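A quick write-up on the structure given underneath.
These numbers were taken from a predicted model, which means no experiment stands behind them.
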Amino acid sequence: MQEKQHIAVIGAGIIGLCNAKSLTDAGFSVTLFDEHGIAEKCSKGNAGHFATEQVFPLAQASLLPKLPSMLLNPKGALRIDWLYLLKALPWFTRFLINMSKSKFSAHTKALRQLNEASLPAYKNLLGAENFKKLIHEDGSLLTFEHEDFKLAAFMAESFRSNGVAVKHLKGDEVFVLEPSLTKNIKQALYFTEVGHSVDPYDLCQAIYKMSEAQGLVFKKDKVARIVPNNNGVMIELASGSKHQFAKVVVSTGAWSKPLAKQLGFKVPIDTERGYHAMVDNSTCLKRPVASADRQFIITPMKQGLRLAGTVEFAGLEAAENMTRATMLLDHAKSLVNGIERQTVKTTWMGHRPSLPDSLPVLNTAPNNKNIVFAFGHQHLGLTQAAITAQIVSQLCLGEKTSIDLTPYRIDRF
C-alpha cells in the first residue's frame, strides 16, 4: 500500500473493535468513534459464549407452537412490551416470512459459513498467545430436564449434518463433565468445539489496547452524518466538527438504522433486549451451560456466574426491566447445586441488533465502495466479530472476500 489510507470505524463494540484491529493490522490509519466509550453497550455484559454451534436462524417454524406459552409465562424466555408491539409488527411480519423452508435452509447455510470461520479468525486476529489467554475452548452444554432421548438425538444429528461437532450425553455422562449440575438434568448435548470468555468486557479492552499500540485513535463522540464525496467520505460529529476519510465502516449495532437510512437504505433492524444477573461463583462450572427448557445460559466468569439470556422487545428507549434479570436466578437454582442461598449481585441489560432473517449486514454499499456496513449480528456479535473484521479488511483492501457476501447485502430487504 503506497499511501496509508485513513479509515473511520463507527461503533466501539466488539464488532467495531475487531474491525479497527484488523484494519490497523492491514496497515490502515484508523479512527474509532463511539459516543458511549469502549464496549459500553451490548458488548459489555453479554454471555461470553462463542456460540459457533448456533447455525440455525431464530426464524424457524418449530417456534410457532411454543410462542403462546412463552409469552404467557412471566418467567419465560420471551417478552413483548405491548405498547411497543405496533411499532414492531413489520419486523415480526418479516420474521414469520423467513420461516419458510427455503429461507430457513439458505439462512442456515449463511450462518454456518460465518460460524465455522469464527474461532480461526479470532486466532489470527489475536495471535496464538493472546487467543489462549483470552478465549477458553472447553466446549459448552445444552441441557434437557426430560428423558425424551429421541428428540435430543434428532437435534444432535441436525447439528452434525450442518458441520457442528456434538456429543449426546445421557444421565451420569453429563455429571462427569459438570459435577455441580443437579439431577434435574437428564441429558445434554455437548458441543466440543466452542469457546467462552470469562470477561467479554476485558476481551474488548484488550483488543482496543492492542490496536491503540498500533496507532488507533479513539474519539468519544457521536457521528451525526456520513457524506460521501469525491475524496472518499466526510463524517460530521454531533459536536459539529467534520472529518475526511478514505472509507468509513458502520458498526453501530442496534443504533445502525438512522445512519443506513441517511445513506439511502431502509433496514428492518430492531433490538432484542437481553439481560444478565451475576451471582457468586460457589460452583465449579468449567464451561457455559445452557438450558433447552428454560432458554437461558450460565457462564463461569472471573467475577462469578453470569446468568444470561431472555428476549425482550421494547425498543431502544424503554426503561430497563430488571425482573427479567433477577428471575434467572430461580431458573439457575434448578440446574446448579450450591447456589441455593445465593442472591443476585448485579444486573445488566443490553440491546442485541437483530434482523428478521438472523443474518448481519456485511458488505460495501452497492452504490459506493468507500462505505462498508458491518452490523446486525443478533445473538452472535461476539461469535462473528473476528470473521466480520477479516472480511471488512478484505473489502477495504479491494481483495476477494473469504466467503460469498451475497446473503448479507444491505439491499436484500
Side-chain angles (χ1 to χ4, degrees), residues 15 42 46-47 51 53-73 76-115 155 158 162 252-258 260-261 265-275 290 292 295-297 309-318 321 324 349-363 373-381 383-384 406-413:
I15 301 291
C42 195
N46 61 60
E53 82 281 4
Q54 292 183 15
V55 296
F56 300 118
L58 299 177
Q60 44 189 289
S62 61
L63 181 64
L64 283 175
K66 301 175 185 177
L67 283 175
S69 61
M70 290 171 69
L71 288 170
L72 292 172
N73 182 358
L78 175 63
R79 177 185 177 269
I80 300 174
D81 184 334
W82 301 112
L83 297 176
Y84 187 74
L85 180 59
L86 186 62
K87 189 173 183 179
L89 274 178
W91 190 96
F92 281 110
T93 301
R94 288 177 178 270
F95 185 74
L96 291 171
I97 292 170
N98 278 295
M99 289 183 177
S100 72
K101 288 185 178 180
S102 60
K103 290 183 182 294
F104 180 82
S105 177
H107 298 157
T108 297
K109 181 179 178 181
L111 284 172
R112 176 181 172 180
Q113 70 171 349
L114 285 175
N115 284 5
M155 290 176 63
S158 297
N162 282 282
T252 40
W255 291 266
S256 298
K257 184 182 285 189
K261 184 178 181 181
F265 301 99
K266 190 174 182 181
V267 182
I269 192 168
D270 210 317
T271 176
E272 295 179 48
R273 291 150 54 109
Y275 291 83
Q295 295 292 299
F296 84 113
I297 188 168
T310 81
V311 170
E312 181 183 51
F313 283 89
L316 291 169
E317 305 300 329
N321 176 13
R324 299 292 295 167
M349 187 273 286
H351 297 90
R352 305 183 190 100
S354 294
L355 290 153
D357 57 6
S358 297
L359 302 179
V361 170
L362 178 55
N363 210 336
F373 296 108
F375 64 82
H377 293 72
Q378 41 107 15
H379 297 246
L380 297 173
T383 304
Q384 297 172 351
T406 303
Y408 322 107
R409 66 191 188 280
I410 195 168
D411 58 350
R412 71 185 187 264
F413 303 104

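Scanning all heavy atoms of the two residues, the minimum distance from T383 to A51 falls at OG1-N, 2.8 Å. Residues P65 and A61 share a closest heavy-atom pair of CD-O, 3.6 Å. The two residues K257 and V267 have their closest heavy-atom pair at CE-O, 3.4 Å. Between P360 and L114, the shortest heavy-atom distance links the atoms CG-CD1, 3.9 Å. Summarising the geometry of I15 relative to A374, their closest heavy-atom pair is CG2-O, 3.5 Å, with the distance given to 0.1 Å. Taking both residues in full, the closest heavy atoms of P356 and P268 are given as CD-O, 3.3 Å, listed atom of the first, atom of the second, then distance.
When ring centroids are compared, F265 and F373 come within the 6.0 Å threshold. Between W255 and F375, a ring centre-to-centre spacing not shorter than 6.0 Å is recorded.
Contacts of T93 classified as side-chain contact (heavy atoms from CB on, under 4.5 Å), with partners at least two apart in sequence or in another chain: I97.
Side-chain polar atoms of N115 and Q384 form a donor-acceptor pair below 3.5 angstrom. Side-chain N/O atoms of E272 and S354 include a donor and acceptor closer than 3.5 Å.
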Intermediate values then yes/no, side chain to side chain contact (heavy atoms under 4.5 Å, CB included), L58 and Q378: CA-CA 10 Å; L58 299 177; Q378 41 107 15; 3.8 Å; yes

Side chain to side chain contact (heavy atoms under 4.5 Å, CB included) assessment of L359 paired with H377: CA-CA 6 Å; L359 302 179; H377 293 72; over 6 Å; no

From CA spacing to verdict: side chain to side chain contact (heavy atoms under 4.5 Å, CB included), F56, S158: CA-CA 10 Å; F56 300 118; S158 297; 4.1 Å; yes

L64/L96 under side chain to side chain contact (heavy atoms under 4.5 Å, CB included): CA gap, chis, key distance, verdict: CA-CA 9 Å; L64 283 175; L96 291 171; 3.7 Å; yes

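Remark: the backbone N or O of K66 is paired with a side-chain donor or acceptor of S69 at under 3.5 angstrom. A donor-acceptor contact shorter than 3.5 Å links the side chain of R112 to the backbone of N162. Panel note: side chain T108, backbone F104; a donor-acceptor pair is recorded below 3.5 Å. Within the 3.5 Å criterion, the main-chain N or O of W91 finds no donor-acceptor partner in the side chain of R94. Between the side chain of R273 and the backbone N or O of A318 there is at least one donor-acceptor pair closer than 3.5 Å. The main-chain N or O of P353 is never found under 3.5 Å from a side-chain atom of T271 such that the two would form a donor-acceptor pair.
Considering only heavy atoms from C-beta on, H107 stays 4.5 Å or farther from P407 through its side chain. With a 4.5 Å cut-off on side-chain heavy atoms, Q54 and L380 count as touching. No side-chain heavy atom of L71 sits less than 4.5 Å from a side-chain heavy atom of R79. Proximity of R412 to D357: side-chain heavy atoms (C-beta onward) are separated by under 4.5 Å at one or more points. Using a 4.5 Å cut-off on side-chain heavy atoms (C-beta onward), F313 and L78 make contact. With contacts defined as side-chain heavy-atom distances shorter than 4.5 Å, the pair P57/L111 qualifies. When side chains are defined from C-beta on, Y408 does not count as touching N363, because their heavy atoms never get closer than 4.5 Å. Residues R324 and T310 have side chains in contact (heavy-atom distance under 4.5 Å, counting atoms from C-beta outward).
The pair K87-D270 does not count as a salt bridge, with every side-chain nitrogen at least 4.0 angstrom from each carboxylate oxygen.
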